[in-house]
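Below you'll find the structure, written out as structure tokens, and then a few comments.
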Amino acid sequence: MRPKVADLPKARIDLKAVFGLASGRWAWTIAIKAAVAMSGSFALAAVFFDPRAAALAALGSMTVLYERTTPYAHRAVALAFVGVGFVLSVGLGSLASVTPWTAALGIGLIAGVATWICQALRVDRPGPLFITLVGAISTIAPGGLAAVPLHAGLAGIGAAVGWLVAMADAPFRGRYPENRAVAEAFRKLAKLLRAVGTPSLDHVQHEASLAVAEAWRLVLLAQTRGYRDTPAAARLRALLRWVSDIHLAAADVSMARTDPLPEEVARFAAGLADAVARPELAPDPARLDEVRRGLRPRSLESRLYTRLARAAQTARKPEHEAAGAGLGLYDTRYPSVLDSLRSSLSRESLVLPTALRMGITVAAAGLLAVLLGFERFYWVSVTTAAVLQGGNVVLTVNRGVQRALGTLLGVVIGVGVLLLHPPLPVVIVAAGLFMGLAQLVIARTFLYGSILLTPMALLIAHTAAPYPVDELAQARILDTLLGSLVGMLGAVLLWRQASASRLPRTIINVLDDARTVINEVLDPDVAIGPERRYRLRRDLRADLISLRGVYDSAIGDVPRAETTQPLWPVVVATQRTGYLALSALALDKPPPVSGITLQRVDLAFRELSAAMSERRAPRLGALPRLVDYPRINMELRALASAMRTAVAGDERAAALEHERRVRREQRQARAEVDADL
């Protein structure tokens, strides 16, 4: 029997999305770092330079918010480049401050370019937001063009303080980021094992794959010279290999059964997560003896439990042999920056339309604010950039509502503080406190984060350019409402179906990669070496993650019902086919098939890809029997059936639209005849 397809993921505009809390932990560490970095840089610049220009140093310290999960060796380099980005943003903003019109265009240019670079190079949130904010504030910093070097220098001082704070705990827990990533992969694996036989399987499968891919990325970044050859690094690589293999074995098991696994299996995987950094907490492999009793040695479940037990044996050792089979990562530590930027400009990438939407909408918002006479037009631009961080239309609307409500409440708090006429030291401490509290909650709810970010921004902006408090509050509210509205309009009008239009191509990419893997695994004349196996696995996993990412974004596009929602069974079947191909790739000695069978399987994959490309029902015929891989047959048949259903739905929708158009034309013709009479 085929496991039940998970419920359709839904992106909605509702009260829960606006006011609810997302799952996750409170970000205490980054909250403390953000508060210390902002207060420290603000105070340092205020003491040695003009307090009004010190706001740029406070904003430059926001480098501390970036690269918070990456290994420290990589983080040190990446944060330096983020700091350079802040300095360049300040320089460009200062140069563009000649007139309000050029300033508005400059802020839009900063937002668009920052979005392109951050997304192409996988810079996590806050991404381009604070780079845009720094550039916007620099357009009102005192001194004019002559002060551009000073402004850039202050931003550099702030970035340096942020760098120091971000790296402050490196001497005490130098291997925490990569250990945490591998442990998180084991925790998601435990969640996947609990989801076997439940309707949430397909969603949890994607989460587990994301965690495994992130663990690979971070462990790869951590392989610095002098560390990668140590027994400790070899142990971590061995655990990474085990969590990846166990994930694929679990994927195989999840496709083969419709009832849950024993709870002890999930608890065992969770125990492996605790043992990544503390070997003494590794679970005893004997705990799996009871669940293995009665299973055939070569069965899927037995293979899963064997890998869990061997991972526990590895985890129990504080060190591992520095060399050996299966310990190589077969990849470069730093992917090519030029290749990443070049691929982001391809027709299939979502990066380019997202960056163009950001740049055009932010520039348009600023120009509209200048045209309407808004003195602090830059707040309109910043609000628009914050709203567009949502990505698709639904998330952008939710984020726009959250931004507007959060700003309204935050202005009340900020004005209350400013009416007390606090001295500069109090302003410095309060700005840092609000910044820290905002970072504590913003990952779980943008609404409450906006409430706390608004007073911080008001304090800094008022310090940079003093303004009557009542007029400042009124302007901030109007700026936010206009910026939120323009941001939502930009999401609706510009590339609103960017994800939905790319979904068929993403499905085809997964099918093509899965076909390549299946052909090489089943062909008895092909010997797959370790490096080739790694690259096949990496590329197919990346396409599977991209598939769900594009679909999750596409369901928030407008309109979405006619093109995206009917494809959910197609996406699930494609995802399952991809994971089954990965599972076959993980086998040590996969059973081969005959040449005729291999050709028929290859033709089936090609026909499915062609049908998706042409948006037609596949003409699949009878699939060859894969005795050793029956679930691949099952998912290919399910994929063909789902594609036929989706095409039939498209044809029905087209027929209804044609019928409605005919009725409209008949009514118009009747009205014209009546008018003539």
Give a yes or no on this: more than 12 heavy atoms of other residues, nucleotides or ligands lie within 6.0 Å of atom [atom1] of [X].
{"X": "Phe81", "atom1": "CZ", "value": "no"}
{"X": "Arg278", "atom1": "CZ", "value": "no"}
{"X": "Arg180", "atom1": "CZ", "value": "no"}

Partner set under side-chain contact (heavy atoms from CB on, under 4.5 Å) for [X], not counting sequence neighbours:
{"X": "Arg310", "answer": "Trp242, Thr306, Gln313"}
{"X": "Ala222", "answer": "Pro71, Arg175, Glu178"}
{"X": "Asp512", "answer": "Arg505, Ile508, Arg515, Ser609"}

Interatomic distance, [X] atom [atom1] to [Y] atom [atom2] [nearest 0.5 angstrom]:
{"X": "Thr230", "Y": "Gln223", "atom1": "OG1", "atom2": "CD", "answer": "8.0 Å"}
{"X": "Arg637", "Y": "Asn633", "atom1": "CZ", "atom2": "CG", "answer": "5.5 Å"}
{"X": "Ser254", "Y": "Asp252", "atom1": "OG", "atom2": "CG", "answer": "7.5 Å"}
{"X": "Leu585", "Y": "Leu248", "atom1": "CG", "atom2": "CG", "answer": "8.0 Å"}
{"X": "Asn179", "Y": "Leu239", "atom1": "CG", "atom2": "CG", "answer": "9.0 Å"}
{"X": "Leu272", "Y": "Arg187", "atom1": "CG", "atom2": "CZ", "answer": "11.0 Å"}

Quick one about [Y] and [X] (side-chain donor to acceptor, distance below 3.5 Å, no hydrogens or angles considered), yes or no?
{"X": "Thr577", "Y": "Thr574", "value": "no"}
{"X": "Ser244", "Y": "Arg537", "value": "yes"}
{"X": "Asp602", "Y": "Asn519", "value": "yes"}
{"X": "Arg576", "Y": "Gln205", "value": "no"}

Closest heavy-atom contact between [X] and [Y]?
{"X": "Leu522", "Y": "Pro591", "value": "CD2-O, 4.0 Å"}
{"X": "Ala311", "Y": "Ile246", "value": "CB-CD1, 3.8 Å"}
{"X": "Ser209", "Y": "Arg541", "value": "OG-CG, 3.4 Å"}
{"X": "Leu304", "Y": "Ala250", "value": "CD1-N, 3.9 Å"}
{"X": "Arg316", "Y": "Ala282", "value": "CG-CB, 3.3 Å"}
{"X": "Leu193", "Y": "Ala269", "value": "CD1-CB, 3.9 Å"}

Is a side-chain donor or acceptor of [X] paired with a backbone partner of [Y] at a separation under 3.5 angstrom?
{"X": "Arg533", "Y": "Ala586", "answer": "no"}
{"X": "Lys188", "Y": "Ala211", "answer": "no"}
{"X": "Thr198", "Y": "Ala195", "answer": "yes"}
{"X": "Ser546", "Y": "Ala542", "answer": "no"}
{"X": "Ser553", "Y": "Val550", "answer": "no"}

Validation row: [X], [Y] side chains within 4.5 angstrom (heavy atoms):
{"X": "Leu608", "Y": "Leu639", "result": "yes"}
{"X": "Asp513", "Y": "Leu536", "result": "no"}
{"X": "Val64", "Y": "Leu79", "result": "no"}
{"X": "Arg257", "Y": "Glu301", "result": "yes"}
{"X": "Thr516", "Y": "Phe605", "result": "no"}

(request) Please name the residue in the list Arg287, Arg293, Arg292 that meets the salt bridge (charged side-chain N to carboxylate O under 4.0 Å, His left out) test with Glu264. (result) Arg287

(request) Kindly indicate, with the supporting measurements, whether the criterion side-chain contact (heavy atoms from CB on, under 4.5 Å) is fulfilled by Leu192 and Leu201. (result) CA-CA 7 Å; Leu192 172 62; Leu201 172 65; 3.8 Å; yes

(request) Among residues two or more places apart or on two chains, list those pairs meeting ring-ring contact (aromatic ring centres under 6.0 Å, His included) that have a residue in residues 247-287. (result) His247-Tyr579

(message) Just to verify, what does Trp568 make a ring-ring contact (aromatic ring centres under 6.0 Å, His included) with, not counting sequence neighbours?
(response)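 Per chain and number, Trp568 pairs via ring-ring contact (aromatic ring centres under 6.0 Å, His included) with His203, Tyr551.
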
(message) List the residues meeting ring-ring contact (aromatic ring centres under 6.0 Å, His included) with Tyr305, not counting sequence neighbours, and say none if there are none.
(response) none

(request) Look at Glu531 together with Arg535 and state whether they make a salt bridge at an N to O cut-off of under 4.0 Å. (result) yes

(request) Tell me whether the guanidinium CZ or amine NZ of Arg75 lies under 6.0 angstrom from the six-membered ring centre of Tyr72 and within 45° of its axis. (result)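 Yes, a cation-pi geometry.
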
(message) Applying ring-ring contact (aromatic ring centres under 6.0 Å, His included) to Tyr66 and Trp163, what does each step give before you reach the verdict?
(response) CA-CA 10 Å; Tyr66 291 80; Trp163 187 95; over 10 Å; no

